[in-house]
Protein chains: 2
Amino acid sequence: MDSGIKRPGVTSSEVARRAGVSQSAVSRTFTPGASIAPKTRAKVLAAAKELGYRPNAIARSLITNKSRIIAVVMAYLENLFYPDVLEELGRQLAAQNYRLLLFTGSMARDSDPVFDQIMQYRVDGIILASTSLSSELSEECAAAGIPVVLFNRTTERDAVSSVTTRNREGGRRIGEFLLAGGHRRFGYIAGLETSSTNRDRYAGFAEALAEGGHTDIAIGTGNYSRADAEAAAREMLALPDRPDALFVANDHMAVAVMDVARYEFGLSIPQDLSIVGYDDVGPARWTSYGITTMSQPLKRMVDATVDILMEQISSGEIEAEHRILSGELVVRTSARVPESGVVEIDGRRVFKPKG
Amino acid sequence: MDSGIKRPGVTSSEVARRAGVSQSAVSRTFTPGASIAPKTRAKVLAAAKELGYRPNAIARSLITNKSRIIAVVMAYLENLFYPDVLEELGRQLAAQNYRLLLFTGSMARDSDPVFDQIMQYRVDGIILASTSLSSELSEECAAAGIPVVLFNRTTERDAVSSVTTRNREGGRRIGEFLLAGGHRRFGYIAGLETSSTNRDRYAGFAEALAEGGHTDIAIGTGNYSRADAEAAAREMLALPDRPDALFVANDHMAVAVMDVARYEFGLSIPQDLSIVGYDDVGPARWTSYGITTMSQPLKRMVDATVDILMEQISSGEIEAEHRILSGELVVRTSARVPESGVVEIDGRRVFKPKG
DNA sequence: CTGAAAGCGCTTACAG
DNA sequence: CTGAAAGCGCTTACAG
């Protein structure tokens with residue numbers, strides 16, 4: 001048994017020489033579905049093993065014009081929702097035999113240089129989470145035949161697909177829940193004001209409250225960041241007529257807001273203040289927080305994302321597709337629980353009015 | 001001004017034709033340092049812009065034998081420490097003009113298929129965080145001339161570099177801190193028992209306690225996972241003679257342990273029970289937890305990792321290098337504070353005995 | 001400074 | 001089923 005140590009440059013030609021076959025035969029051995037005699041194949045495989053040969057994916061990409069690489073652009077990982085998404089994406093892309101090229105951090109905010117990289121590597125698809133895309137860039141991708149999917153964002157752009165949840169309905173549901181809980185003064189800590197998720201969640205929330213006769217909503221801006229959410233909470237909770245019910249646009253901020261309410265204002269949750277979040281991310285489930293929150297079905301969202309990508313890659317047709325999934329209002333301890341409408345499904349409590 | 005839309009296959013030859021120069025000239029225009037006349041360069045650049053040309057990184061890789069891709073293998077992102085690391089790695093690699101190919105999740109645990117991918121893509125370097133590497137694979141990388149750096153792990157393997165912090169000293173420091181706080185019964189919630197970090201942290205902790213005359217340490221195993229840590233805490237806190245001081249091998253588990261102690265056992269922290277963690281990750285700083293913890297200097301650890309990689313890539317010499325950095329015991333509210341030894345540095349409280 | 005040419009390691013018609 | 005050959009889009013000696 002040889003050790004299988006690979007010297008820097010083992011090529012298919014070397015394997016061919018060793019196996020006494022042509023270089024084409026070596027290539028066919030490593031191409032699923034190529035026509036090759038079992039005997040030849042065995043010889044090649046043996047030689048390959050001896051030399052520690054592995055096909056060069058770079059050379060293969062050059063000729064097939066497929067890199068089997070998907071670019072994932074994720075501006076910030078601070079919110080655990082995104083690492084969770086990343087992990088699931090990694091799993092599913094690997095299962096489809098695709099690799100994941102990650103672009104994060106500050107560089108991801110200014111999309112131009114990132115897109116230069118993406119185009120240079122001739123990725124087969126692009127997933128944009130927590131980032132948007134300028135119209136020129138998205139058109140450029142479409143023109144180049146590269147499918148783009150927005151994750152948890154949406155846009156009017158023609159060529160860009162998206163996967164989201166019913167944010168507006170989610171916002172409505174939260175409004176109904178807080179109304180049913182008998183709250184009287186409402187507040188909203190917003191996410192990034194330019195994001196579609198934030199707009200939709202707020203719109204639904206305001207709608208529901210208006211139907212309940214409440215048009216006065218205190219608004220603070222958290223920009224989906226902890227520090228901004230804390231500042232917004234401080235301001236809002238210092239109000240003479242402070243809200244007794246707060247919808248915070250995601251759990252990541254809700255955690256920070258709860259700490260401010262409890263430890264800086266001495267408020268009891270939910271007795272003095274009800275807080276509802278969005279996402280149902282890890283810390284929402286931790287006992288210290290127990291956040292009542294609209295869940296986003298992460299796994300199904302990733303399923304849909306990968307599905308759209310695979311479909312567009314294999315068909316070569318880039319037609320924008322918008323998948324919209326539903327979440328549930330998971331009831332925990334951070335908000336007063338209404339008398340009715342809360343049911344237990346699969347071991348968790350969920351708010352389903354008129355059910 | 002042209003729109004710059006890129007058709008699928010703009011190549012250097014097409015740009016050359018358009019600019020009225022040779023294909024070599026186009027290549028030189030996009031190769032930093034190549035000898036090209038400013039005038040020629042300008043013509044090429046103009047033509048490239050008109051056609052929306054970008055050099056094909058795949059083709060370039062094939063001939064230069066450098067992919068400018070670094071593989072990052074990160075088994076699990078659940079612990080926020082790792083997303084933080086990932087973000088910083090992304091930033092620093094981008095600054096050095098390298099791309100980051102991410103391998104996560106379950107597939108990362110079984111290293112063989114992952115390594116097959118890594119080798120096929122001819123990555124220029126490999127960073128392993130929260131994963132180890134079998135001896136054959138590390139030797140194979142070394143033989144292939146691919147530098148490997150273990151992040152927050154170490155190993156005896158010859159060819160594999162590592163970046164860690166002084167885990168043993170950290171464990172000692174924590175032991176000293178808890179002794180100075182006047183605790184009498186000690187417990188340890190371990191991480192993965194096979195990991196070097198866990199071994200070293202425990203060894204230092206036990207050493208310090210032994211010097212203080214305590215050789216009896218209650219031990220539970222949390223495997224760096226929340227669920228396991230919770231189970232271990234339940235068991236340990238139900239002990240007739242339960243510890244009044246707990247060292248939990250990382251903050252990720254410490255958060256879970258605190259919730260169990262408070263909400264399942266009704267314990268006050270730190271009055272009934274002191275808890276010290278490790279890492280100084282996000283939630284440790286949240287007011288609900290305020291974990292006293294050994295910090296790991298994440299940015300400097302990433303600096304060191306990238307530094308080792310860049311050095312080995314440019315020199316072509318793979319000689320294992322082990323960088324060991326120091327953290328500090330950051331004092332917050334989860335553990336009783338000793339009378340002396342706690343000093344304030346740069347606005348944070350730190351335990352520095354005999355200082 | 002420039003262009004013609006070789007070649008990186010593969011895949012894939014093509015002819016047998 | 002197999003091999004010889006062309007070619008993917010570049011970089012880089014080489015000669016001028």
Side-chain angles (χ1 to χ4, degrees), chain A residues 6-45 47-48 51-69 119-124 144-145, chain B residues 6-45 47-48 51-69 116-117 119-124 144-145:
Chain A
K6 174 188 174 298
R7 296 190 326 277
V10 184
T11 70
S12 56
S13 305
E14 298 178 53
V15 175
R17 201 173 312 134
R18 181 93 163 207
V21 300
S22 73
Q23 184 266 332
S24 315
V26 176
S27 174
R28 292 196 181 97
T29 299
F30 290 94
T31 305
S35 88
I36 183 102
K39 269 196 182 164
T40 316
R41 194 182 139 80
K43 270 194 293 186
V44 170
L45 249 20
L51 297 173
Y53 170 77
R54 284 191 183 78
N56 183 329
I58 302 276
R60 175 179 288 173
S61 294
L62 184 58
I63 202 160
T64 59
N65 216 8
K66 307 213 164 321
S67 60
R68 298 202 80 86
I69 290 177
M119 303 300 284
Q120 285 185 219
Y121 277 89
R122 304 298 197 258
V123 301
D124 292 344
Chain B
K6 173 188 173 298
R7 296 189 325 278
V10 183
T11 70
S12 56
S13 303
E14 299 178 52
V15 176
R17 202 172 312 132
R18 180 90 163 211
V21 300
S22 73
Q23 183 267 331
S24 315
V26 177
S27 174
R28 291 196 182 98
T29 299
F30 290 94
T31 305
S35 89
I36 183 99
K39 267 193 182 164
T40 315
R41 194 182 139 81
K43 270 194 292 186
V44 171
L45 250 20
L51 298 172
Y53 169 76
R54 284 189 184 79
N56 182 329
I58 302 275
R60 175 179 288 173
S61 293
L62 184 58
I63 201 160
T64 59
N65 215 9
K66 308 215 163 318
S67 61
R68 297 203 81 86
I69 290 178
D116 233 66
Q117 303 297 345
M119 301 301 285
Q120 284 185 219
Y121 276 90
R122 304 298 197 260
V123 300
D124 291 344

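Residue numbers start from 1 in every chain, and the chains themselves are labelled A, B, ... in the order their sequence lines are given, proteins ahead of strands.
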Practice problem: Using a heavy-atom cut-off of under 4.0 Å over every strand shown, decide if B/Thr11 touches base, sugar-phosphate, or nothing. | Solution: sugar-phosphate
Quick note, A/Thr40 side chain, CB onward, closest among D/dC1, C/dT11, C/dT2 is D/dC1
Whole-Å distance, A/Gln120 CD to D/dG9 P, equals 15 Å
With a 4.0 Å cutoff (strictly under), does any side-chain N or O of A/Ser12 reach OP1 or OP2 of C/dC10?
yes
Requested in this report: Indicate yes or no: at least one non-hydrogen side-chain atom of A/Arg122 is less than 4.5 angstrom from one of A/Ser61.
Outcome: no
The residue, B/Ala59 or B/Gly20, whose nearest nucleotide of DNA chain C is more 5′ is B/Gly20
Whichever of A/Gln23 and A/Ser35 has the more 5' nearest nucleotide on DNA chain D, that residue is A/Ser35
Taken to the nearest whole Å, CG/B/Asn56 to C1'/D/dG9 is 6 Å
note: B/Ile58, atom CD1; C/dT11, atom P; distance rounded to Å ~ 14 Å
Taken to the nearest whole Å, CD1/B/Ile63 to P/C/dC10 is 15 Å
In Watson-Crick or G-U wobble terms, with both distances under 3.5 Å, the base opposite C/dA15 is D/dT2
Whichever of B/Leu62 and B/Ala34 has the more 5' nearest nucleotide on DNA chain C, that residue is B/Ala34
Regarding the side chain of B/Ser22, the nearest nucleotide among C/dG3, D/dC1, C/dC1 is C/dG3
To the nearest 0.5 Å, atom OG of B/Ser12 lies from atom CG of B/Leu51 at 11.5 Å
note: B/Arg28, atom CZ; D/dG9, atom C1'; distance rounded to Å ~ 16 Å
B/Met119 CE to C/dC10 P, in whole Å, measures 13 Å
A/Ser35 and A/Arg28 have their tightest heavy-atom pair at O-CD, 3.4 Å
In this structure, CG of B/Leu62 is separated from CG of A/Asn56 (nearest 0.5 Å) by 6.0 Å
From CG of B/Asn65 across to P of C/dC10 the rounded distance in Å is 11 Å
From OH of B/Tyr121 across to P of C/dG9 the rounded distance in Å is 18 Å
Value for CD1 (B/Ile58) from CD1 (A/Ile69), rounded to nearest 0.5 Å, stands at 5.5 Å
Looking only at C/dT2, D/dT2, D/dG3, the nucleotide nearest the B/Ile36 side chain is C/dT2
